[in-house]
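One structure below.
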Amino acid sequence: MAPIPSHVLTFALPSIILVALCSLSDCYDPLDPNGNITVTFDIHQYTSDGYVARVTIQNYYQYRHVDKPGWTLGWTWEGNEVIWSMSGAFATQQGNCWAFKTPAHCCNKDPVILDLMPEALPENRSEDCCRGGLLSAWAINPSKSFSSFEITVGNLGENSTWFPPQNLTLMEPGPGYTCGQVLDTDPTVSSDLGGRRQVQVYRTWRSTCTYSSFLANKTPMCCASLSTFYSPTITSCPKCSCGCREAADKRTGFCISDSNLLSKKANTPDIVQCTDHMCPVGVHWHIKNNYMNQWRVKLTISNYNYQRNFSDWNVLVQHPGFSQTATAYSFNSTILPTVGFGDEVALLWGIEYYNTELLNFDGDQLGSVTTEILLDKDADTFTLSNGWAFPPRIYFNGENCEMALPDTFPVLPNGSPSLRSTYCQILSVFFTFITLWLLGFYQ
Ligand SMILES: *[C@@H]1O[C@H](CO)[C@@H](O)[C@H](O)[C@H]1NC(C)=O
Ligand SMILES: *[C@@H]1O[C@H](CO)[C@@H](O)[C@H](O)[C@H]1NC(C)=O
Ligand SMILES: *[C@@H]1O[C@H](CO)[C@@H](O)[C@H](O)[C@H]1NC(C)=O
Ligand SMILES: *[C@@H]1O[C@H](CO)[C@@H](O)[C@H](O)[C@H]1NC(C)=O
Ligand SMILES: *[C@@H]1O[C@H](CO)[C@@H](O)[C@H](O)[C@H]1NC(C)=O
Ligand SMILES: *[C@@H]1O[C@H](CO)[C@@H](O)[C@H](O)[C@H]1NC(C)=O
């Protein structure tokens with residue numbers, strides 16, 4: 001048996017390692033190992049019975065954003081704390097404030113906080129607030145990856161100890177995030193006087209929340225299909241990638257094949273078009289051209305939902321080809337730092353006012369966004385054989401896209417360079433034989 005070419009190993013090994021890591025109960029994402037959402041309480045003012053804190057929720061996930069309807073933050077007070085007032089966000093319930101003579105914003109022991117909408121009144125706002133709970137991904141738009149609000153906390157006895165909030169919870173709004181204990185850390189330092197002076201808050205409490213798809217317990221929401229210019233084979237999404245048609249209405253919502261039926265099930269965002277894969281989103285990788293020094297891929301993302309648009313979508317593609325210069329024509333893109341897994345990782349997202357919105361399926365046409373990507377070739381590694389040109393991993397909005405196994409990938413047709421040389425050998429043997437035979441005949 002021929003030895004396995006090294007590029008097959010570099011293709012297969014990371015996948016094996018990824019699968020191994022993901023079988024651990026807390027499936028952290030090896031492509032974004034430092035990703036987290038950090039919640040910081042900066043106490044910057046004392047009051048007669050408590051303090052004023054600026055709470056900041058910072059999304060450090062490279063390509064996981066908090067989408068509509070936005071985050072929900074909750075905690076439990078250790079003592080008898082009361083939130084006298086709040087700006088930039090609000091507590092969903094005021095709770096029982098009978099014990100207080102002055103009006104309070106929230107007297108519950110376990111307040112639940114939501115963000116204000118961007119159109120909130122100026123008197124309810126605070127600095128960097130009011131994004132409707134949306135947090136952009138860190139690698140895509142750092143300036144919108146955090147959200148802040150102010151709380152005035154009181155009813156702490158004169159010399160009682162201040163306890164940080166306990167049992168912090170972050171929902172988006174579903175489960176998935178687990179927050180660590182809120183700990184006392186070094187006070188946050190910021191610059192003043194145009195950077196000539198440094199000021200710091202009195203006290204900083206911080207907790208880090210991490211996402212686990214295992215905890216979120218979502219059914220897969222994306223699958224990937226593949227095709228090439230050199231083969232009629234299309235490797236479609238694996239059947240039942242995101243559920244099966246027969247079982248569709250039990251768990252994952254509905255699928256309908258005729259949009260006229262839509263009105264009966266109105267306002268269910270998860271109605272998708274009936275397909276064999278049943279995924280709400282499909283990503284298609286088509287190898288379009290093979291030039292002398294470059295190769296071209298067409299990437300299409302399709303939305304099978306009848307009633308859901310994806311705003312600020314992103315797609316992550318892991319492929320060794322991204323170690324060379326790559327240009328995406330209709331998407332914004334960046335190469336993420338790799339973390340020892342070998343293959344480069346490209347992050348792609350929409351261009352503002354052009355295709356940041358992946359529209360819903362309207363009954364006639366799938367909502368889709370598409371781009372062509374032109375990649376330079378590395379003469380040493382580029383090959384169309386052994387599935388090298390297909391990405392081992394694709395994510396949509398941070399969620400893995402299910403993909404068929406490599407044995408179903410399109411293969412090079414007869415006439416590929418290696419086969420051609422075999423034909424040449426056979427032909428030359430044949431002609432040699434004919435020549436010898438003719439020589440023999442004339443003798
Ligand atoms: C959270 O993410 C930031 C930025 O990547 C990183 O500096 C920090 O160490 C992370 N925190 C934890 C606890 O992983
Ligand atoms: C926080 O959660 C732990 C474990 O569920 C519980 O024992 C503890 O009492 C909670 N703390 C507060 C302040 O509710
Ligand atoms: C906004 O401010 C007004 C007036 O200060 C107040 O009545 C209202 O409750 C506030 N709304 C929220 C959501 O905080
Ligand atoms: C606060 O501290 C002072 C002196 O340390 C003490 O006399 C007083 O009893 C304390 N008050 C409470 C409510 O603990
Ligand atoms: C999606 O966006 C389009 C265009 O902005 C809009 O017409 C449509 O109603 C939106 N669909 C949903 C489900 O919000
Ligand atoms: C690409 O994305 C960045 C960050 O979101 C943005 O600043 C930049 O304007 C975008 N470029 C285009 C062409 O949309």
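Predicted model, so just to flag it, every value in this text is computed and none were measured. All ligand and atom numbering here is 1-based and tracks the order in the structure.
For the side chain to side chain contact (heavy atoms under 4.5 Å, CB included) test, residues two or more places apart in sequence or in another chain that qualify with N303 are N305, F310, L358, N360.
Every atom of ligand 1 with a heavy atom of N34 under 4.0 Å away is listed here by number and element: 1 (C), 2 (O), 5 (O). Set against the non-hydrogen atoms of N36, the atoms of ligand 1 under 4.0 Å away are 1 (C), 2 (O), 3 (C), 8 (C), 10 (C), 11 (N), 12 (C), 14 (O). Near Q307, the atoms of ligand 5 lying under 4.0 angstrom from a non-hydrogen atom of the residue are 13 (C). Ligand-side atoms of ligand 5 in range of L359: 1 (C), 2 (O), 3 (C), 4 (C), range being under 4.0 angstrom from any heavy atom. Near N309, meaning under 4.0 Å from any of its heavy atoms, are these atoms of ligand 5: 1 (C), 2 (O), 3 (C), 8 (C), 10 (C), 11 (N), 12 (C), 14 (O).
Side-chain atoms of H284 and S227 include a donor-acceptor pair closer than 3.5 Å.
Residues I140 and D312 have side chains not in contact (no heavy-atom distance under 4.5 Å, counting atoms from C-beta outward).
Applying the side-chain hydrogen bond (donor to acceptor under 3.5 Å, both in side chains) test to every pair with at least one member in residues 192-201, sequence neighbours left out, gives no pairs at all. The ring pair (Phe, Tyr, Trp, His ring centres under 6.0 Å) pairs that include a residue from residues 116-154 are Y60-W138, where partners are two or more places apart or lie in different chains.
When the SG-SG distance for C107 and C97 is compared with the 2.5 Å cut-off, it comes out below that value.
At least one test fails for K288 against the ring of F229: distance under 6.0 Å to the centre or angle within 45° of the axis.
Ring pair W77/W75 is perpendicular by interplanar angle, where above 60° counts as perpendicular and below 30° as parallel.
A donor-acceptor contact shorter than 3.5 Å links the side chain of N59 to the backbone of R64.
Contact check on R296 versus E372 returns a salt bridge, with a Lys/Arg side-chain nitrogen under 4.0 Å from an Asp/Glu carboxylate oxygen.
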List of N/O pairs, ligand 2 versus protein, all under 3.5 Å?
| residue | atom | partner | partner atom | Å |
| --- | --- | --- | --- | --- |
| ligand 2 | 2 (O) | N167 | OD1 | 3.2 |
| ligand 2 | 2 (O) | N167 | ND2 | 2.2 |
| ligand 2 | 11 (N) | N167 | ND2 | 3.1 |

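In terms of polar-atom proximity, defined here as any N/O pair under 3.5 Å, T208 makes no such contact with ligand 1. Taking only nitrogen or oxygen atoms, main chain and side chain alike, R308 does not reach within less than 3.5 Å of ligand 5. The N/O atoms of E357, backbone and side chain alike, include none that comes under 3.5 Å of an N/O atom in ligand 5.
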